[in-house]
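Below is one structure; the comments refer to it alone.
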There are 2 protein chains.
Amino acid sequence: MTDAAPPARPEARSPRGFADRRGADVAAERRIVARVSEVYERWGFEPLETGAFEYADALGKFLPDADRPNEGVFALQDDDEQWMALRYDLTAPLARFAAQNWETLPKPYRRYAFGPVWRNEKPGPGRFREFVQCDADTVGSDRPEADAEIIAMACEGLRAAGLSDGQAVVRVSNRKLFDGLFDAGDVTDPVQRLTALRAIDKYDRLGWEGVAALLGEGRLDESGDYTKGARLPAAVTATIQAFLGSAGEGSRSQTLDAIARIGGLGAAGEAALTELSGIDRALASMGVDQAAVRFDPTIVRGLEYYTGAVFEAELLLDTTDDKGRAVRFGSIGGGGRYDDLVARFTGEATPATGFSFGVSRLASALRAAGRAEAARRGPVVVIVFGEADMQAYLDAVAELRRAGIAAELYLGRAGMKAQMKYADRRGAPAAILLGGDEIAAGQVTIKDLDAGRALASDLVDNEAWKAARPGQQTVPRGALVGTIRGIIEASSITDGAHE
Amino acid sequence: MTDAAPPARPEARSPRGFADRRGADVAAERRIVARVSEVYERWGFEPLETGAFEYADALGKFLPDADRPNEGVFALQDDDEQWMALRYDLTAPLARFAAQNWETLPKPYRRYAFGPVWRNEKPGPGRFREFVQCDADTVGSDRPEADAEIIAMACEGLRAAGLSDGQAVVRVSNRKLFDGLFDAGDVTDPVQRLTALRAIDKYDRLGWEGVAALLGEGRLDESGDYTKGARLPAAVTATIQAFLGSAGEGSRSQTLDAIARIGGLGAAGEAALTELSGIDRALASMGVDQAAVRFDPTIVRGLEYYTGAVFEAELLLDTTDDKGRAVRFGSIGGGGRYDDLVARFTGEATPATGFSFGVSRLASALRAAGRAEAARRGPVVVIVFGEADMQAYLDAVAELRRAGIAAELYLGRAGMKAQMKYADRRGAPAAILLGGDEIAAGQVTIKDLDAGRALASDLVDNEAWKAARPGQQTVPRGALVGTIRGIIEASSITDGAHE
């Protein structure tokens, strides 16, 4: 079919912002998903998988800074002219699913989900247009215990994934604190409110000066971009400043007391304090440490749809980037209460709360925290000397696999030296040599590649290395599995960097 | 933010051909993926994950019956005007990845992958536009041992997923058999060849009469659609008939002998026999049963890109459909050798072979084969009597979760009766009742919901049922975990149909 080939060869490249992930990286992310799933199921959350596409109107426009239609999403028109788009998170599909199946679902409905989400944004270093999220949500409960459960479960999930106590903190606040403050200050325009919330959300990065500019006329950033401000009344801005200043390192109830003392919260703000108190009581009942979950009024979350409690999980580690510079890792997940999202469809208020984290981001965090686990070893490689003894090679491979040891026959056509190099690049713990002499004598030669690597770095003299044949032993054929087991157990390689 | 709500409410529905999957269905598919992954890694295959989008030119046009640009795929234009499309299988992305990274990959490169693929086709019952595939491929080996390994590993993967010996067969043939036959009969037009191959691929469904029509002038099917035929010379059609008739139930080498006796195979056909014989030898060395893997010249596979051996895995079970009618389950996966797919990018011939199956389809097959496993039980539900005793409820939940038992607090606001109904619909093995009296007495009442269900079906008299309080016991609070363990172990529920 040679003439079916296109006239010009396509270039082997993938679209920007879409990554290929191999071996150890894939394994690390799968481990996170498996362990977090185990925790979430033990807490009574049921797995749910929805399709990649939703109708654009069902998805809504809740991405920050995305006011144009289909901005930020990958959208296309179906055969019947309806616009559909790839999901940009797992919350919007849950709201659609819950609304569609509300009558038949057990209520409250607890579900967790993981899978890819897509953002049609400008990709950059570490910024992808496709990434895996993992969410847990409870739909149909207005209880503070529901929020507390989500927060406490997120903490247990992060620990199960590999973070130690003290390596992460979940900061919690409540959107209604600002609702009350806006009400009290006569800020009624929803666009103005959202602009102000998104400004406050940048407190962590910009500090008070930057936020103050964005709450006022606007701000010119270092790149020369001008962002229009929320133009809040000065009195409201002053209360916000006091507010943000109340974030301390005290206990949760101490922080609530400090916020209450500021005053000017309006009815919504008082309701927020009551809700946060309920969450605090439930967290205490669940034995959640004061250091693991804090109240912090600087937490806002950029998404428009939050209506009550908001959470943000942050890694408490200074780490280093690729160039060895110290960087703060920052947020690894978040969530909150979104009581209006199901009502978009049904018209009936349906309280809901949830937490979400990026799986690749958590994997990076674990690497940064020095908690990456030993990569699975590569397979044992059986070397091919010639066609005649194929049966003996295949027998050895089969015997190792039956014993639960990853093993393979070298399937190329290259010589001995290239085969040994191949085994090394595969991260093989050992290579199996079954030459004619060994087969005739009922023996097998096993090359311990880790021992070989270690010795090679000591023996600078190439001839001496050859003479020593480091890590090579000839044993009776019946001792194959036992010898390989010994080599794998002795190997203390802790990374997968064999390639 | 009530005035941020859209003027009209969107309808809660998902695009046609995209399914939501819950609880037990999700768990069944994950179990398959986990078990097959374990086998594939033990056989030396490395996991790989690529992005959902590929450039359209990199993806190529290899879907059957898709001759128009972007036909059959979900495509859209990127910001830079380049067309990209969601992958329609996992083979095309692998070819792109291998071509892009060929210099740095260990060669031959063995990888497996699973994930969603998308086909922009007309959806129908059981026919989705998104489904999960699981592939394993070896790139860079022309050895028949590579094909044999893929076939043998597919058999072990299917067994690990839950199929018994004898429930599936892999049928193997070689495209070059037909290449040789076309060469010998002077059929040189590649379009004519592909039309003929796709006709032969329908032998299973249409029988010889139907195939003969498609190899000749064309065929009018029952729905009134006319398919243009391949217009092969009569002599070639006659040889094909003899060919298809040689598929027997004999051993692999007997089938090869029968094919050889037909003759007229040309040089390519002779090469096919040599390759199949090499595969047979390797399969025998790997201990693969004659009944598990057969040679069968009726196997063609519809995809254009196959160049040598082709495989098809079929379920050997007559099963029943939703309406109780007997149906043949048919193919659950397949694959073959595609030596030109990497060369599309690099211009250098790179032999490759692989096997793919649909994960949902295998899950259906396992259900049909009566091999679906017991669904995981729902969580134990702790009933809420009032706010005052929340601490006692949360303590019980925490204690059960710590013991590894899935448990939850009822988080709604409904009364006792609704809570018991909720526990039942969640598939809970038990409900925990901690009333004021129980708490004061250091006790807990446990309702065994399975026992309750069983007894309820015996006791027709509602009053008698109430008096008997089936499956309800009050025990010391310290006996909570032990009692629940006993109930879960005794429960012999084998399906998840609680909703």
Side-chain angles (χ1 to χ4, degrees), chain A residues 1 3-4 9-10 12-15 18-23 26 41-44 46-55 57-58 74 76 78 84 96-97 99-100 106-108 116 130 138 140-141 143 145-146 190 285-286 344-345 347 379 391 394 398 401 406 408-409 411-412 422 425-426, chain B residues 1 3-4 9-10 12-15 18-23 26 41-44 46-55 57-58 74 76 78 84 96-97 99-100 106-108 116 130 138 140-141 143 145-146 190 285-286 344-345 347 379 391 394 398 401 406 408-409 411-412 422 425-426:
Chain A
M1 282 173 229
D3 40 12
R9 290 204 302 266
R13 80 258 184 253
S14 51
F18 294 89
D20 299 322
R21 289 185 307 287
R22 285 180 59 190
V26 175
E41 292 195 14
R42 186 150 40 78
W43 285 59
E46 167 189 294
L48 172 71
E49 290 183 0
T50 60
F53 281 105
E54 295 284 342
Y55 282 121
D57 65 345
F74 291 101
L76 48 80
D78 204 358
M84 43 192 223
R96 186 271 305 159
F97 172 84
Q100 190 174 354
K107 284 172 279 286
E130 175 181 52
T138 299
S141 176
R143 285 188 182 275
E145 287 84 3
S285 293
M286 292 171 188
R344 277 187 70 233
F345 297 100
Q391 177 75 54
L394 289 169
R401 287 174 179 162
E408 58 171 45
L409 177 68
L411 282 176
Y422 169 85
R425 295 183 72 195
R426 292 286 276 133
Chain B
M1 283 175 227
D3 40 12
R9 288 204 302 266
R13 81 261 184 249
S14 50
F18 294 89
D20 299 321
R21 288 185 308 287
R22 284 180 60 189
V26 174
E41 293 195 15
R42 187 152 38 79
W43 285 58
E46 167 188 295
L48 172 71
E49 290 183 1
T50 60
F53 280 105
E54 296 284 343
Y55 282 121
D57 65 345
F74 292 100
L76 48 81
D78 204 357
M84 44 190 222
R96 188 269 306 158
F97 172 83
Q100 191 174 354
K107 286 171 277 284
E130 175 181 53
T138 300
S141 177
R143 288 187 180 274
E145 288 84 3
S285 292
M286 292 172 188
R344 277 186 70 235
F345 297 99
Q391 176 76 54
L394 288 170
R401 287 175 180 162
E408 58 171 46
L409 177 69
L411 281 176
Y422 168 84
R425 295 183 72 196
R426 293 285 276 131

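So you know, we letter chains A, B, ... as the sequences are listed, proteins then strands, and number each from 1.
A/Pro15 and B/Met84 make their closest contact through CB-SD, 3.7 Å (heavy atoms, listed as atom of the first residue, atom of the second, distance). Residues A/Glu54 and B/Ser14 share a closest heavy-atom pair of OE1-CB, 4.4 Å. Contact detail for A/Leu394 and A/Leu409: the closest heavy-atom pair is CD2-CD2, 3.8 Å.
With chain A as partner, the option from B/Glu41, B/Glu408, B/Glu145 having the largest number of non-hydrogen pairs under 4.5 angstrom is B/Glu408. Comparing B/Ala19, B/Pro108, B/Gly140 by heavy-atom pairs within less than 4.5 Å of chain A, the highest count is held by B/Pro108. Your options are B/Ala406, B/Ala12, B/Gly44, and the one with the most heavy-atom pairs under 4.5 Å with chain A is B/Ala12. Per-residue heavy-atom pair counts under 4.5 Å with chain A were compared for B/Arg401, B/Arg21, B/Lys107, B/Gln100, and the maximum is reached by B/Arg401. Put simply, of A/Phe345, A/Tyr422, A/Tyr55, the one with the most heavy-atom pairs under 4.5 Å next to chain B is A/Tyr55. By number of non-hydrogen pairs under 4.5 angstrom with chain A, the leading residue of B/Ala99, B/Gly23, B/Pro379 is B/Gly23.
Residues B/Asp57 and B/Arg96 are not paired through a salt bridge, judged by the lack of any N-O separation under 4.0 Å between the basic side chain and the carboxylate.
One distance of note links CZ of A/Phe97 with CG of A/Leu48; it measures 5.0 Å at 0.5 Å rounding. Annotation: the span from A/Met286 atom CE to B/Gln391 atom CD amounts to 10.0 Å, rounded to 0.5 Å.
Relative orientation of the B/Phe53 and A/Phe18 rings is perpendicular, given thresholds of 30° and 60° on the angle between their planes.
In this structure, no portion of B/Ala398 lies under 4.5 Å from any heavy atom of chain A. Of the two parts of A/Leu411, the backbone and the side chain both hold a non-hydrogen atom closer than 4.5 Å to a non-hydrogen atom of chain B. Contacts of B/Glu49 with chain A are made by both backbone and side-chain atoms, with heavy-atom separations under 4.5 Å. Proximity to chain B involves both the backbone and the side chain of A/Ala52, based on heavy atoms less than 4.5 angstrom apart.
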